[in-house]
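Reading through the structure tokens given below for one structure.
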Amino acid sequence: MADSSNTSSSTAATTTGNPPEIRSWADEADEIDQAEKSSAANENDSAEPQIGSLQIDESKRVINSTLDDPEDSRIEAVTSGDTMYKSAKRFEDLNLSPELLKGLYVEMKFERPSKIQEISLPMILTPPYKNLIAQAHNGSGKTTCFVLGMLSRVDPKLAAPQALCICPTRELAIQNMEVLLKMGKFTGITSELAIPADAANYIPVSKRPPVSAQVVIGTPGTINKWVTARKLGMSCMKILVFDEADHMLAETGFQDDSIRIMKAIVKASADSQVLLFSATFGENVKAFVTKIVRDLFVKDYNQMFVKKEELSLDSVKQYKVQCPDELSKVMVIKDKILELGQKVGQTIIFVRTKNGASMLHKSLVDYGYEVTTIQGALKQEDRDKIIKEFKEGLTQVLISTDLLARGFDQSQVNLVVNYDLPVRHESPSEPDHEVYLHRIGRAGRFGRKGAIFNLLCNDRDDMLMSKIENHFNSQVTEIASWRSDEDFENALKKAGLL
DNA sequence: GGGACGG
């Protein structure tokens, strides 16, 4: 967890000197790993030899193989080139400014680097500042990791944009900015949020002054707009961070903007460093992302990935509920999940569409329940208000589209409901495993307890569910009867929530 | 389908 590392003996990155193996840093690494001695890895290798591997002759594999605590995540770092990295056991090992250290200890209340920080921060902060592709699990502290990276690399005396962070949603940009302000409180480092202004505060880009803030966090459209209008200068940029990088670089609609920003940075500031962070890097995405980094940046890149026996699937308990029809799904939410949920914390209910969100909202409100709903069609001020109320604990239940699937951090969320299972848009008979993982990652933050309820009401749902179970190789427990209060109570007890 | 570019 991010705020206080455990005390088990840590895992220094140690150079083995072995020739590099071709490895995957996808989140499915565990599966691949289990089978890799046999055929899986070989298949991968022969099909696409460059993927997930490094430039063969100049790379070294650095792996922490000396774990003595089976509870620990396994963190693997693959470095390229000759630079040696020493893991940071203490923040003092990182040459941070006293002001930043104070922020870490006093504001963030950190004691020492978390596992992923211990390994990745030296890779981020050691010259020649190589690019980094980092997979870190939900709730493992990846935000604090790249925020610290940005704050450390900014020169406080230079009043120009030096760090840029790009996020897939406005909410995530805002949330990351809040972490930055907190951690950087004593540094005097300036920052600006680059998201679209609401109608009331709208100023045409041509009429706004150039950005002088040292750190800019925002969404791709607005950032591009500012860059194109020459209001956001790239010449002093040292570090570019993509949060939810797989999504930003692979998804149509994000991809063009993201690549354009990358190109602008490379053009203006050749030695800039790019950090790609996500909990998931699917097979296809991984290939694509590595290719982009290779093509665009002169410098090569390091990789880090966190392996855990069952991903983030182990601290939260997953359930599935057979519901005979749509209405019974509403009944389950109303009579079981909301009633019991009151006792165990906050709940997020995920739906597939904005319309679905509105319909469910109306149903529950008509039954007299207090729920709020967030989706992208709302006005920004409403979005802000709903998030604020939820984060302050004023509302207990939040219905959301996949707007909140990624990155949303609210520690009181113990229950996640999939009213609709996540499906791939291009082939709706296939589940979206990455989105599933991100959604359930909203519960059980930083190792806390949590429960997931998947509501199924037809053969297609059954099929999707079983594909998800197979993919993650984890059995999802079936609730015997959707009508039984006792069944749901026991489920929450087993999840450690009652 | 969702999110990200609207002005």
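We name chains A, B, ... by the order of the sequence lines, and we start the count at 1 in each one. What you see is a predicted model; the values in this text were computed from it and never measured.
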For this session: Give a yes or no on whether the ring-centroid distance for A/Phe488 and A/Phe453 is below 6.0 angstrom.
Result: yes
Problem set entry | Listed partners of A/Lys238 passing side chain to side chain donor-acceptor pair (under 3.5 Å), at least two apart |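 In terms of side chain to side chain donor-acceptor pair (under 3.5 Å), with neighbours along the sequence ignored, A/Lys238 is linked to A/Gln162.
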For this session: Using atom types as modelled and distance alone, determine if a side-chain donor or acceptor of A/Gln117 lies under 3.5 Å from a backbone N or O of A/Ser114.
Result: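 Answer holds: yes.
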Exercise. Are A/Glu251 and A/Arg406 ion-paired here, with the side-chain N under 4.0 Å from a carboxylate O?
Worked result: no
For this session: Indicate for each nucleotide in nucleotides 1-7 of chain B, in 5' to 3' sequence, whether protein heavy atoms under 4.0 Å reach the base (B), only the sugar-phosphate (S), or nothing (-).
Result: BBBBBSB
Problem set entry | ring-ring contact (aromatic ring centres under 6.0 Å, His included) contacts touching residues 219-252 of chain A (sequence neighbours left out) |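 Residue pairs passing ring-ring contact (aromatic ring centres under 6.0 Å, His included), neighbours aside: A/His247-A/Phe254.
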